[in-house]
Engineer: 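Would you mind keeping the following structure in view while I ask a few things?
The chain is numbered in sequence order, starting from 1. Bear in mind that the values here come from a model prediction, so they are computed numbers and not experimental data.
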Amino acid sequence: MPTEPAPGRAGRRAPAPADGRVTVAVITRDRAASLLRTLDALAALPERPPVIVVDNSRDDGTRRAVAGHPAPVRLLRATANTGALGRNLAVRHARTPYVAFSDDDSWWEPGSLARAADLLDRHPRLGLLAARTLVGDEAAEDPLNAVLAASPLPPEPDLPGRPVLGFLGCASVVRREAFLSAGGFHPLLFFGGEETLLAYDLAARDWGVAYEPTLCARHHPEDHGRTGRSFLVRRNHVLTTCLRRPWPVALRAGAALARAAAADAPGARRALRETLTRLPATLARRDPLPPHVEHAARLLDRQWAEGRAPAAAAPPAGQAGQAGQAGQADRPEQDGRDDRDDRDEENAAP
């Protein structure tokens with residue numbers, strides 16, 4: 001197993017001490033080669049963060065690949081495919097005050113984790129930082145960057161950056177205390193546009209959510225040979241509105257999905273079927289937003305309705321507002337899902 005050079009060895013410089021404030025949580029499923037690339041990038045960071053990998057894989061390939069990697073990796077094997085809930089498991093096991101999320105095809109730019117920790121240190125009400133995301137070898141701007149930068153929410157004097165109610169899961173850093181107090185990612189959603197609900201729940205507990213473009217995550221999706229998951233985004237948008245928004249908003253979202261299904265829009269019929277399956281559990285867990293958070297959500301709804309959001313990041317029909325801010329529509333999957341994963345997700349308990 002590779003080892004670090006001993007301190008004081010001739011011609012060698014002792015490694016810088018690890019930052020010690022941020023753990024990186026990675027979720028993966030049957031993509032060992034992509035995961036190793038992510039671990040290589042994380043191991044090279046000057047912050048030298050501890051890494052927790054939640055393995056949703058069907059076999060031992062990930063465990064064998066990770067064994068002996070020079071990054072300080074702790075591997076957690078899930079008993080079933082946890083989807084985005086694997087991040088909850090990782091946060092519970094973390095021993096640092098802050099946790100950064102990556103997927104098995106994403107990592108962080110050098111220095112970003114230290115800057116995020118500095119901001120969280122200086123702003124005790126800050127619960128989550130959304131970072132700028134650059135995609136592929138060409139480092140293209142993710143369309144969500146423009147959406148977050150154009151947030152209409154007013155500045156808050158005790159928070160850095162731009163207040164938002166959405167983020168990209170693999171480009172965010174959370175305060176562990178805030179994440180756990182909000183319940184983490186909601187089990188009803190499993191995967192697909194799950195970020196908006198967490199942003200709502202953080203804000204409802206008076207934790208700040210802010211976009212800070214000086215923080216940067218790199219995303220290298222392997223989109224060949226994969227199918228879209230627009231039905232999950234459609235379904236989870238309606239479930240999110242039913243869980244947290246006023247009934248007129250939820251009914252409009254449901255009606256829009258029904259119209260899309262009647263028009264045979266891609267994924268809409270399946271989304272409607274799965275929404276109805278989960279509706280009883282959703283209604284049992286309904287907890288509307290407090291007035292100040294609902295007001296912020298309405299500002300974002302109005303931005304989309306008036307066409308003031310960046311056109312390049314417009315959400316699919318019927319999924320404006322926070323689903324658009326979550327930035328998940330038609331995005332390549334970020335945890336290695338494929339068609340077989342759908343069966344796992346269908347069998348997951350709501």
Engineer: To the closest 0.5 Å, what do you measure between CG (Asn56) and CZ (Arg31)?
Structural biologist: 12.0 Å
Engineer: Following the transitive rule for hydrophobic clusters with a side-chain heavy-atom cut-off under 4.5 Å over Ile, Leu, Val, Met, Phe, Trp and Tyr, establish whether Ile52 and Val73 coincide in one cluster.
Structural biologist: no
Engineer: Evaluate the side-chain contact (heavy atoms from CB on, under 4.5 Å) criterion for residues Thr28 and Thr62: first the C-alpha distance (whole Å), next the side-chain angles of each, then the deciding distance (0.1 Å), finally the verdict.
Structural biologist: CA-CA 8 Å; Thr28 187; Thr62 300; 4.1 Å; yes
Engineer: Using every non-hydrogen atom in the two residues, find where Pro163 and Ser151 come nearest and quote the distance to one decimal.
Structural biologist: O-OG, 2.7 Å
Engineer: Taking Phe167 as the starting point, is it possible to reach Trp304 by hopping between hydrophobic residues whose side chains are less than 4.5 Å apart?
Structural biologist: yes
Engineer: For the pair Glu47 (side chain) and Leu113 (backbone), establish whether a donor and an acceptor sit closer than 3.5 Å, ignoring hydrogens and angles.
Structural biologist: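 Confirmed, Glu47 side chain pairs with Leu113 backbone.
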Engineer: May I ask you to check whether His219 and Asp103 show a side-chain donor-acceptor distance below 3.5 Å?
Structural biologist: no
Engineer: Would you check if Thr133 and Asn145 make a side-chain contact, meaning some heavy-atom pair closer than 4.5 Å?
Structural biologist: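 SC-SC contact between Thr133 and Asn145 confirmed.
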Engineer: Could you tell me if the side chain of Trp247 sits less than 4.5 Å from the side chain of Arg286, heavy atoms only?
Structural biologist: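 With C-beta onward as the side chain, the pair touches.
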Engineer: Do Arg95 side-chain atoms and His93 backbone N/O form a donor-acceptor pair below 3.5 Å?
Structural biologist: yes
Engineer: Quick check on the hydrophobic clustering: are Ile27 and Val51 connected, directly or via other members, by side-chain heavy-atom contacts under 4.5 Å?
Structural biologist: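 Different hydrophobic clusters.
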Engineer: Just how far is it from atom CG of Leu120 to atom CD of Glu177, taken to the nearest 0.5 Å?
Structural biologist: 11.5 Å
Engineer: When you compare the side chain of Pro246 with that of Arg298, does any pair of heavy atoms fall below 4.5 Å?
Structural biologist: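 They are in side-chain contact.
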Engineer: Check each of Val233, Val238, Leu239 against Arg235 using the side chain to side chain contact (heavy atoms under 4.5 Å, CB included) test, and report the only one that passes.
Structural biologist: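 So, applying the side chain to side chain contact (heavy atoms under 4.5 Å, CB included) to Arg235 and each of Val233, Val238, Leu239, only Leu239 qualifies.
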Engineer: Which atoms form the tightest heavy-atom contact between Ala296 and Leu165, and what is the distance?
Structural biologist: CB-CD1, 3.9 Å
Engineer: For Arg162 and Leu148: C-alpha separation, side-chain torsions, deciding distance, then whether side-chain contact (heavy atoms from CB on, under 4.5 Å) applies.
Structural biologist: CA-CA 8 Å; Arg162 190 93 179 198; Leu148 297 175; over 6 Å; no
Engineer: Supply the atom-to-atom distance Arg74 CZ to Leu76 CG, rounded to the nearest 0.5 angstrom.
Structural biologist: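 Spacing of CZ (Arg74) from CG (Leu76) equals 5.5 Å.
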Engineer: Identify the heavy atoms of Pro280 and Thr277 that sit nearest to each other, and give their distance.
Structural biologist: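 Smallest heavy-atom distance, with atoms named: CD-O, 3.6 Å.
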Engineer: Does the structure place the NZ or CZ of Arg87 under 6.0 Å from the centre of the six-membered ring of Phe185, at an angle of no more than 45° from the ring's axis?
Structural biologist: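 Here Arg87 passes the 6.0 Å and 45° test against Phe185.
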Engineer: Salt-bridged, Arg245 to Asp301, with N to O below 4.0 Å?
Structural biologist: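 Answer for the salt bridge query: yes.
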Engineer: Can you measure from CD (Glu109) to CG (Leu215) and round to the nearest 0.5 angstrom?
Structural biologist: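 Separation between the atoms: 11.0 Å.
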Engineer: Has the side chain of Arg125 got a donor or acceptor atom that lies under 3.5 Å from a matching backbone atom of Asp206?
Structural biologist: yes
Engineer: For Glu194 and Gly192, indicate whether the former's side chain and the latter's backbone hold a donor-acceptor pair under 3.5 Å.
Structural biologist: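 Yes; at least one donor-acceptor contact below 3.5 Å.
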Engineer: Find the distance between CG (Leu251) and SG (Cys242) and round it off to the nearest 0.5 Å.
Structural biologist: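 Spacing of CG (Leu251) from SG (Cys242) equals 7.5 Å.
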Engineer: Give me the atom names and distance for the closest heavy-atom approach of Thr23 to Thr96.
Structural biologist: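 Heavy atoms of Thr23 and Thr96 come nearest at OG1-OG1, 2.7 Å.
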Engineer: Kindly indicate whether the side chain of Asp137, heavy atoms from C-beta on, has any atom under 4.5 Å from the side chain of His220.
Structural biologist: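 Side chain of Asp137 against side chain of His220, heavy atoms only: contact under 4.5 Å found.
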Engineer: Is it true that Leu129 and Leu144 fall in one hydrophobic cluster, defined by side-chain heavy atoms closer than 4.5 Å?
Structural biologist: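 No, separate clusters.
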Engineer: In terms of side-chain geometry, is the basic nitrogen of Asp264 or Arg269 positioned less than 4.0 Å from the acidic oxygen of its partner?
Structural biologist: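 Arg269 and Asp264: salt-bridged.
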Engineer: With distance as the sole criterion, is a donor-acceptor pair present between the side chains of Thr38 and Asp104 under 3.5 Å?
Structural biologist: no
Engineer: Are Ser112 and Arg115 linked by a side-chain donor-acceptor pair shorter than 3.5 Å?
Structural biologist: yes
Engineer: Can the ring centroids of Phe101 and Phe179 be said to lie less than 6.0 angstrom from one another?
Structural biologist: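 Between Phe101 and Phe179, the centre distance is under 6.0 Å.
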Engineer: Please answer whether the main-chain N or O of Trp107 pairs with a side-chain N or O of Arg218 as donor and acceptor at a distance below 3.5 Å.
Structural biologist: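 A pair under 3.5 Å: no.
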Engineer: Is there a side-chain contact (heavy atoms from CB on, under 4.5 Å) between Asp55 and Val66 once you walk through the steps?
Structural biologist: CA-CA 11 Å; Asp55 181 19; Val66 169; over 6 Å; no
Engineer: Is there a donor-acceptor pair under 3.5 Å between the side chain of Glu156 and the backbone N or O of Asp158?
Structural biologist: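 Pair absent, no side-chain N/O of Glu156 close to backbone of Asp158.
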Engineer: Would you mind reporting whether Leu85 and Pro187 have side-chain heavy atoms less than 4.5 Å apart?
Structural biologist: yes
Engineer: Do Arg21 and Asp121 have side chains that get closer than 4.5 Å, going by heavy atoms?
Structural biologist: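 Contact flag for Arg21/Asp121 side chains = yes.
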Engineer: Taking Leu168's backbone N and O only, do any of them form a donor-acceptor pair with Glu195's side chain (distance below 3.5 Å, no angle check)?
Structural biologist: no
Engineer: Starting from Val91, can I reach Val22 by hopping between I/L/V/M/F/W/Y residues whose side chains sit under 4.5 Å apart?
Structural biologist: no
Engineer: Testing the basics here: between Arg234 and Pro266, what is the closest heavy-atom pair and its distance to 0.1 Å?
Structural biologist: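 Result for this residue pair: NE-O, 3.4 Å.
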Engineer: Tell me, please, which residues at least two apart from Ala182 pass side chain to side chain contact (heavy atoms under 4.5 Å, CB included).
Structural biologist: Leu198, Asp201, Leu202, Arg205
Engineer: What are the two closest heavy atoms between Leu189 and Asn236, and how far apart are they?
Structural biologist: O-ND2, 3.2 Å
Engineer: Check the surroundings of atom CD in Glu141: do more than 12 heavy atoms from other residues, nucleotides or ligands lie under 6.0 Å from it?
Structural biologist: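 Atom CD in Glu141 is crowded, with more than 12 foreign heavy atoms closer than 6.0 Å.
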Engineer: Nearest 0.5 Å, what's the CG-CZ distance between Leu300 and Arg302?
Structural biologist: 10.0 Å
Engineer: Answer yes or no: is there a side-chain heavy-atom contact under 4.5 Å between Trp108 and Pro49?
Structural biologist: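 Contact flag for Trp108/Pro49 side chains = no.
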Engineer: Are side-chain heavy atoms of Leu243 and Tyr200 found at a separation under 4.5 Å?
Structural biologist: no
